[in-house]
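It should be emphasised that the depicted structure is a prediction, and the values quoted were computed from it without experimental measurement.
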Amino acid sequence: MARSKKYRLNRETLVYEVVKDPRHRRLWSFLAFLLVSAALYVLYFWIYAFVLGLPQPKSLILERRNAGWTARYEMMNSRMDGYEQSLHSLAQRDDDVYRSVFGMMEIPQEVRNSGIRGAGSEERYRNLPDSSLLRSTVVRMDRLTKQAYIQSKSFDEVLALALKAGDMTLCVPSICPMYPDDKIRYASSFGYRIDPKWGGLARHTGIDLATDIGNPVYATGNGTVEEVVNGVRGYGKYVVIDHGFGYKTRYAHLHNIVVVRGQEVKRGQHIAYSGNSGKSTGPHLHYEVMYRNNYVNPMNYLDLEIPLLDYENMVTIVPREEGTTGRSKRW
């Protein structure tokens, strides 16, 4: 639409002429228009924001975006609830079933949570608000990732042992540590008893087989010699064999030891000679079975009434040590 023109009568020529506004006047008019517009905008904003208390358009956009991300984080946390429950079930089954079957120790809770609240955790999340949903989601995701990794490593260990499950029958301590003839006698059982030397009620962590000094002692299962101790107190001279799968055995109060620490031994292999060393009231073999670091009754694993021929087929028969005699003091 064409801009309307202003006319003014020229009294000399009696002709209407077009009136042109001066340039500075048009400039001032434009500036006045801008000032009035700005003032109206400020007035509108003040009424909108401070009088009516309505949110600003930019705030509305940010709120919508925040609501969208919050919904996503809540959905992630909902899914992680299911993942966490499944991981907990796997860990419980791993400890109570898989690791227990192969005599493996349970994974401590502090190990399963290792690295989650370490020294570097605060530094890792320092750019995230302390109480934000984003921070809690990221921390939870990191925790589940690390727990899943530890569980995966545990399954790898169980698988490695499962592949050797056929060897387990040879490692479980299931035979008598001495030739089961009339030269040995079942002298003391597992459990609480009156201490034969000091008196008083005390827990007996193994069984005692009374015998003369110098009778051969045999490994009751395949394993590795973990300890060889030539002591003069307590157990005296003794050997500890680690059979794997959670089993260990101890052969104590020995007279002489013929194996060394770290040596691989087979079931029925000669490892020592019976004696009377350490805290002992007479020549005998003190025999212990430990399962997952707990003392258990050896009688649950061995049979003192096994036929001699069957026993001879399992062990390498070694003659009695020469030059030894033994007389029982008190049983």
Tell me, do [X] and [Y] make a side-chain contact under 4.5 Å, heavy atoms counted?
X	Y	value
S277	N230	no
P298	F190	yes
L302	P180	no
D212	R320	yes
Y186	I207	yes

Checklist entry - Does K248 have any salt bridge (charged side-chain N to carboxylate O under 4.0 Å, His left out) partners at least two apart in sequence or in another chain, and if so, which? => result E226
Item to check | Any residue meeting salt bridge (charged side-chain N to carboxylate O under 4.0 Å, His left out) with E321, in chain and number order, not counting sequence neighbours | outcome: none
Checklist entry - Quick one: ring-ring contact (aromatic ring centres under 6.0 Å, His included) partners of Y235, sequence neighbours excluded? => result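 With neighbours one apart ignored, the set is Y238, H286.
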Next on the checklist: Which residues pass the ring-ring contact (aromatic ring centres under 6.0 Å, His included) test with Y295, not counting sequence neighbours?
Outcome noted: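 With neighbours one apart ignored, the set is empty.
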Next on the checklist: Run the side-chain contact (heavy atoms from CB on, under 4.5 Å) test against L35 and tell me which residues pass, sequence neighbours left out.
Outcome noted: none
Checklist entry - In chain order, what residues pass the side-chain contact (heavy atoms from CB on, under 4.5 Å) check against L170, with sequence neighbours excluded? => result N222, R267
Checklist entry - Is it true that atom CZ of R233 has more than 12 heavy atoms of other residues, nucleotides or ligands lying nearer than 6.0 Å? => result no
Next on the checklist: Counting only heavy atoms from other residues, nucleotides and ligands, does the tally under 6.0 Å from CZ of F155 exceed 12?
Outcome noted: yes
Testing the basics here: between [X] and [Y], what is the closest heavy-atom pair and its distance to 0.1 Å?
X	Y	value
L134	Y73	CD1-OH, 3.1 Å
A272	L254	CB-CD1, 3.5 Å
I241	Y251	CD1-CE1, 3.7 Å
P173	T249	CB-CG2, 3.6 Å
A252	L285	O-CD1, 3.6 Å
V265	A219	CG2-CB, 4.2 Å

Tell me, please, which residues at least two apart from [X] pass side-chain hydrogen bond (donor to acceptor under 3.5 Å, both in side chains).
X	answer
E264	T224
Y218	none
N77	T137, R140
S274	none

Next on the checklist: Below 30° counts as parallel, above 60° as perpendicular, anything between as tilted: where do the rings of Y179 and Y311 land?
Outcome noted: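 Y179 vs Y311 ring planes: perpendicular.
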Checklist entry - Going through the checks in order, is the side chain to side chain donor-acceptor pair (under 3.5 Å) test met by T220 and Y301? => result CA-CA 10 Å; T220 56; Y301 297 89; over 6 Å; no
Please report the interatomic distance [atom1]([X]) to [atom2]([Y]), rounded to the nearest 0.5 Å.
X	Y	atom1	atom2	value
L87	R112	CG	CZ	7.5 Å
N66	L133	CG	CG	9.0 Å
S152	Q147	OG	CD	13.5 Å
D94	I107	CG	CD1	5.5 Å
I257	H255	CD1	NE2	11.5 Å
T211	M178	OG1	CE	4.0 Å

I'd like to know if the side chain of [X] reaches the main chain of [Y], judged simply by a donor and an acceptor atom lying under 3.5 Å from each other, with no hydrogens or angles considered.
X	Y	result
H284	D208	no
S37	F33	yes
S86	G82	yes
T145	M141	yes

Item to check | Joint cluster assignment, M105 & V240, ILVMFWY side-chain distance < 4.5 Å | outcome: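 M105 does not cluster with V240.
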Checklist entry - L308 and V318: same hydrophobic cluster, using ILVMFWY side-chain contacts below 4.5 Å? => result yes
Checklist entry - Quick one: ring pair (Phe, Tyr, Trp, His ring centres under 6.0 Å) pairs with a partner in residues 263-282, sequence neighbours left out? => result H270-Y273
Checklist outcome for this item: Contacts satisfying salt bridge (Lys or Arg N to Asp or Glu O under 4.0 Å) that involve residues 149-159 (not counting sequence neighbours) are R99-E157
